[in-house]
Amino acid sequence: MTESNTPSNDRDVDVIGATAPADGSNTIKDPDDWVTGDEAMTGAQRSYLETLAREAGETLPGDLTKAEASEHIDRLQSVTGRGATSDQGQG
């Protein structure tokens with residue numbers, strides 16, 4: 001039988017994304033603590049910021065970092081009401 005990427009049931013397996021810690025300790029990170037926070041914002045961040053900024057009647061610089069973009073997204077979601085949920089607080 002060929003080897004599979006499916007783990008066997010008889011050994012511990014490291015997985016990503018299965019569940020969040022019960023205390024939520026790893027679910028929200030301050031953008032200032034991101035390892036890649038000083039890299040240029042992603043295309044998805046830029047696209048969403050364009051929408052949010054337009055709805056909020058604001059303009060933003062086009063050379064934001066990932067961390068800066070995330071902070072603006074959080075702020076503009078509050079201004080526009082987009083992304084608002086009962087557990088809002090993460091970007």
- line: CG of Leu76 to CG of Leu49, rounded to nearest 0.5 Å, is 6.5 Å

query: Between atom CD of Glu58 and atom CG of Leu52, what is the distance when rounded to the nearest 0.5 Å?
result: 9.5 Å

task: Could you check if a side-chain atom of Thr42 sits within less than 4.5 angstrom of a side-chain atom of Arg46, using non-hydrogen atoms only?
output: no

- prompt: Ion pair present between Glu71 and Arg75, side-chain N to carboxylate O less than 4.0 angstrom?
  reply: no

statement: By side-chain hydrogen bond (donor to acceptor under 3.5 Å, both in side chains), Thr65 pairs with (sequence neighbours left out) Glu68

field: Trace of the side chain to side chain contact (heavy atoms under 4.5 Å, CB included) decision for Tyr48 with Met41
entry: CA-CA 11 Å; Tyr48 192 38; Met41 72 178 133; over 6 Å; no

